[in-house]
Amino acid sequence: MSTAKLRETIHEYLSEAQSDSHEVQQKALQTLASITRVSPQNRSLLAQSYGAIPALLALSKSISPIIQTLSLSVLFNLSLNPNLKQSLADMETINHLNSIILSPTTPPESTKLASSLICSLAMLDKNKAKFGVAGTIPLLIHAISDPCNAAAHHLLSTLAELVQFHGNCTLAVRAGAIPVLIHVVESSDGEDLSGTSLAVLGLLSKFDEGLNALKKTEQIVSSMVEVLKGRCMLSKEGAAEILVRLFDENEGCLADALNLPEFLTVLADISVRGSAKAREMTAQLLKKTIDANLVSYSDGSHMLLQW
């Protein structure tokens, strides 16, 4: 099909998507979602159609769950084109996506798509600050704090993308992200949620605000050691990375770890059976414990390690 013919066909589907007939709307949106799923060219042609993005945004406000979901799917597909991310991330769109996440009546599938769309748009670094200004960070943390939220994994992944910008990290810490994420780690039955939460905590710990908040968290060392004793390798990698940063900044955290009888045994196990990253982090932790032991021995103080 020629580009001109394809452009005309896409325009027809867009017109049908705005029909008064729910059945016609649904069929047209299903087609648009299908043809934009894998084709960058089709995404560009749809975005170039006059009024396409405002029309899709309006449809995503529909009271019909299926119309809302399909229109969000199309918008998400459009966001996969790097050249469309900046134009899609205007404040009207961002505020609407925020409202979808905030509303307790939003269907889970729409929440997942809205979160995924935010994540996709935030992959353009220029857009990250926009979401911070629009108040997206506290909304995500509030939604993640709900243990019954079916979109928790999508929300965590979106938060992970946004907090890579320093300003958003500060907003996240101020909005109470640290205790919320630790609660997810400690209470989650899903290993993927725990692993993603620890990945976000690791990103937050790269900045002073996040690291200071972690240091002030009660029982943070024992909580991370408990994670190291678990089965999820992604979680172990995250916990080990956080411990490395805590030990670098606070000798008291290292002392707390060495007071846990299982700490060295757990490290030894991961150093043999862990992933490449987990073994790397464990090697750093073991080196720090050995260095601490040598220092305490040389100055005549009580040895921290009991071999």
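Small disclaimer: the values here were computed from a predicted structure and weren't measured.
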More than 12 foreign heavy atoms under 6.0 Å from [atom1] of [X]: is that the case here?
| X | atom1 | value |
| --- | --- | --- |
| Lys27 | NZ | no |
| His96 | NE2 | yes |
| Glu251 | CD | no |
| His166 | NE2 | yes |
| Lys126 | NZ | no |

Hydrophobic clustering (ILVMFWY, side-chain heavy atoms < 4.5 Å, transitive) - are [Y] and [X] grouped together?
| X | Y | value |
| --- | --- | --- |
| Ile137 | Met91 | yes |
| Leu260 | Val185 | yes |
| Val184 | Ile182 | yes |
| Phe165 | Leu117 | no |
| Leu14 | Leu57 | no |

Which atoms form the tightest heavy-atom contact between [X] and [Y], and what is the distance?
| X | Y | result |
| --- | --- | --- |
| Phe247 | Cys253 | CE1-O, 3.5 Å |
| Ala239 | Leu228 | CB-CD2, 4.0 Å |
| Ala33 | Ser73 | CB-CB, 4.4 Å |
| Leu204 | Ala172 | CD2-CB, 4.1 Å |

So does [Y] get a backbone contact from the side chain of [X], meaning a donor-acceptor N/O pair under 3.5 Å?
| X | Y | result |
| --- | --- | --- |
| Arg279 | Gly274 | yes |
| Arg273 | Ala268 | no |
| Asn250 | Lys215 | no |
| Ser115 | Thr111 | no |
| Ser205 | Gly202 | yes |

Do [X] and [Y] have side chains that get closer than 4.5 Å, going by heavy atoms?
| X | Y | answer |
| --- | --- | --- |
| Ser120 | Leu80 | yes |
| Leu211 | Leu246 | yes |
| Leu56 | Leu46 | yes |
| Ile101 | Ile118 | yes |
| Leu121 | Phe131 | yes |
| Leu32 | Leu70 | no |
| Lys236 | Leu198 | no |
| Asn127 | Ile94 | no |

For this session: Please test Ser110 against Gln68 for side-chain hydrogen bond (donor to acceptor under 3.5 Å, both in side chains), starting from the C-alpha separation and ending with a verdict.
Result: CA-CA 7 Å; Ser110 291; Gln68 182 183 59; 2.8 Å; yes
Find the distance between [atom1] ([X]) and [atom2] ([Y]) and round it off to the nearest 0.5 Å.
| X | Y | atom1 | atom2 | answer |
| --- | --- | --- | --- | --- |
| Leu155 | Ser116 | CG | OG | 9.0 Å |
| Asn42 | Arg7 | CG | CZ | 11.0 Å |
| Ile10 | Leu6 | CD1 | CG | 4.0 Å |

For this session: Give the intermediate values and the outcome of side chain to side chain contact (heavy atoms under 4.5 Å, CB included) for residues Glu23 and Gln26.
Result: CA-CA 5 Å; Glu23 184 178 351; Gln26 181 175 334; 5.9 Å; no
Between [X] and [Y], a side-chain donor and acceptor under 3.5 Å:
| X | Y | answer |
| --- | --- | --- |
| Ser21 | Ser19 | no |
| Glu262 | Thr265 | no |
| Thr282 | Ser271 | no |

Problem set entry | Remaining members of the apolar cluster that contains Leu102, side-chain heavy atoms under 4.5 Å | Leu139
I'd like to know if [X] pairs up with [Y] as an ion pair, taking the criterion as any Lys NZ or Arg NE/NH1/NH2 lying under 4.0 Å from an Asp or Glu carboxylate oxygen.
| X | Y | result |
| --- | --- | --- |
| Arg245 | Glu241 | yes |
| Lys229 | Glu226 | yes |
| Asp248 | Lys288 | yes |

For this session: Take Asn149 and Ile144, measure what side chain to side chain contact (heavy atoms under 4.5 Å, CB included) needs, and give me the verdict at the end.
Result: CA-CA 7 Å; Asn149 198 317; Ile144 292 166; over 6 Å; no
For this session: Evaluate side chain to side chain contact (heavy atoms under 4.5 Å, CB included) for Gln41 paired with Thr3, printing each intermediate quantity in order.
Result: CA-CA 9 Å; Gln41 180 189 24; Thr3 301; 3.5 Å; yes
For this session: Evaluate side-chain hydrogen bond (donor to acceptor under 3.5 Å, both in side chains) for Ser103 paired with Thr105, printing each intermediate quantity in order.
Result: CA-CA 5 Å; Ser103 174; Thr105 61; 2.9 Å; yes
Problem set entry | Glu186/Ser223 under side chain to side chain contact (heavy atoms under 4.5 Å, CB included): CA gap, chis, key distance, verdict | CA-CA 8 Å; Glu186 294 177 339; Ser223 293; 2.7 Å; yes
